[in-house]
A.B. asks: 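This is the structure I want to talk about, given as structure tokens.
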Amino acid sequence: MTSNMDLPSSNRLTTVGRIAGPAVFFAFLVAPIALAAQSDDNAVVAVVDAYHTALASGDSTTALSLLAEDVTILESGGVEDKEHYRSGHLAGDMRFAQAVPRERSEITVTVVGDVAWAWSTSTTQGRMGEREVNSRGAELMVLGRTGDAWRIRAIHWSSRAVR
Amino acid sequence: MRTAVKGARLVARGVRRSAALGAVALIVGCSAPSEDLPAEAADSSVQDPALLEAILDDVRVGWEQGDGTPFYEHFLDWQGARYFEGGGQNAGLDDLVVNHVEPEAELGLTLGFSNVQTHFEGQFAWAVVDTEIRLTTPDGRAIHNRGHGTYLFRWIDGAWKVVHTQSASSPVR
């Protein structure tokens, strides 16, 4: 068994070259790609989080700004476009988010070019007016990237009561 | 000194070799399967709503008949696959077919899909569909629900594959 330090100095440097090459390859080519993918995932999660934070703080302007103009929102058996959501469920969603605590799982993100989807599950437990709420839910969002900005193109919320 | 220069040359040679490898990797990457190509690279014939509608109809019939065949044909069986209904989920294709599709068909399920709305973004697509469900539970309760489903697709190896689903419905009043 021969350690590197037992080699003649020129061979040691050869070994350094062999090690340095792949390291440089990783540093300059592979690592940026991996970091970019991680960065995309983080950017998508940031938009999803910002949307929920806006709902929970009653900030309708920010919430709407994160929705693409052609967004489709499915919840409670209904389908809404952005305009209908603005004048329809948005106010109720903000009241609900402020009144009832929600515990969400980690968000799972898949990015395909300039489109991504993000899903998570949650449990919601508390009281909304006179109504006791105890439900398990799932959230799916489809996001699209325009320039550097990710915007929500579709939302599907579903839930069922915990028995 | 000579050794140091020689060493530097060897390091440089290693870097050049790696750069060449990198270039090859980039070229190979560029000619890899097309699912990661940008939106404008997608062939317009690929973005045909009828392709997605045909898949959804196969899947609808598969649900009614408790037949996993269309699911195994049209769904991408991948590790991260999740299929949500209401607040519940199936993890993976086998779980969906064995624990959801097959048992539900035994309850006399009839499933209607209508008003299919499709969206294409390059090698990715999604469809939103209105659903109508009728079945009778084992204790004799008649269920009649309406709701919606969202199906996500990726274009893989020359076909659209379902990669994620979410659906929810509520009783018809």
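Proteins get letters first, then strands, A, B, ... in listed order; numbering begins at 1 in each. Nothing here was measured: the structure is a model prediction, and the numbers come from that model.
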A.B. asks: Indicate whether the side chain of Ser57(A) and that of Asp59(A) have a donor and an acceptor atom separated by less than 3.5 Å.
C.D. replies: no
A.B. asks: Considering only heavy atoms, which portion of Leu140(A) lies under 4.5 Å from any heavy atom of chain B: side chain, backbone, both, or neither?
C.D. replies: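 Looking at Leu140(A), backbone and side chain both touch chain B.
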A.B. asks: What part of Thr131(B) gets within 4.5 angstrom of chain A, counting heavy atoms only: side chain, backbone, both, or neither?
C.D. replies: neither
A.B. asks: Between Met94(A) and Ser60(A), is any pair of side-chain heavy atoms under 4.5 Å apart?
C.D. replies: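 Yes, close enough: below the 4.5 Å cut-off.
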A.B. asks: Given heavy-atom pairs under 4.5 angstrom as the criterion, report whether the side chain, backbone, both or neither of Gln89(B) touches chain A.
C.D. replies: side chain
A.B. asks: Given heavy-atom pairs under 4.5 angstrom as the criterion, report whether the side chain, backbone, both or neither of Val162(A) touches chain B.
C.D. replies: neither
A.B. asks: Are His74(B) and Phe153(B), when compared by the centres of their aromatic rings, separated by less than 6.0 Å?
C.D. replies: no
A.B. asks: Report which part of Glu139(A) has an atom under 4.5 Å of a heavy atom belonging to chain B: side chain, backbone, both, or neither.
C.D. replies: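 For Glu139(A), the contact with chain B is made by the backbone alone.
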A.B. asks: Is Ser159(A) in contact with chain B via its backbone, its side chain, both, or neither, using a 4.5 Å heavy-atom distance?
C.D. replies: backbone
A.B. asks: Classify the ring geometry of Trp63(B) against His100(B): parallel below 30°, tilted from 30° to 60°, perpendicular beyond 60°.
C.D. replies: perpendicular
A.B. asks: Trp157(A) versus chain B, heavy atoms under 4.5 Å apart: side chain, backbone, both or neither?
C.D. replies: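 For Trp157(A), the backbone is the part near chain B, not the side chain.
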A.B. asks: Which atoms of Ala154(A) come close to chain B, meaning under 4.5 Å heavy atom to heavy atom: side chain ones, backbone ones, both, or neither?
C.D. replies: side chain
A.B. asks: Check each atom of Thr150(B) against the heavy atoms of chain A and say whether the ones under 4.5 Å are side chain, backbone, both or neither.
C.D. replies: both
A.B. asks: Is the shortest heavy-atom distance from the side chain of Trp155(B) to the side chain of Phe120(B) under 4.5 Å?
C.D. replies: no
A.B. asks: So for Thr110(A), is it side chain, backbone, both, or neither that comes closer than 4.5 Å to the heavy atoms of chain B?
C.D. replies: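 The answer is the side chain of Thr110(A).
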A.B. asks: Between Asp67(B) and Tyr72(B), does any side-chain donor sit less than 3.5 Å from a side-chain acceptor?
C.D. replies: no
A.B. asks: Do Arg82(B) side-chain atoms and Gln166(B) backbone N/O form a donor-acceptor pair below 3.5 Å?
C.D. replies: no
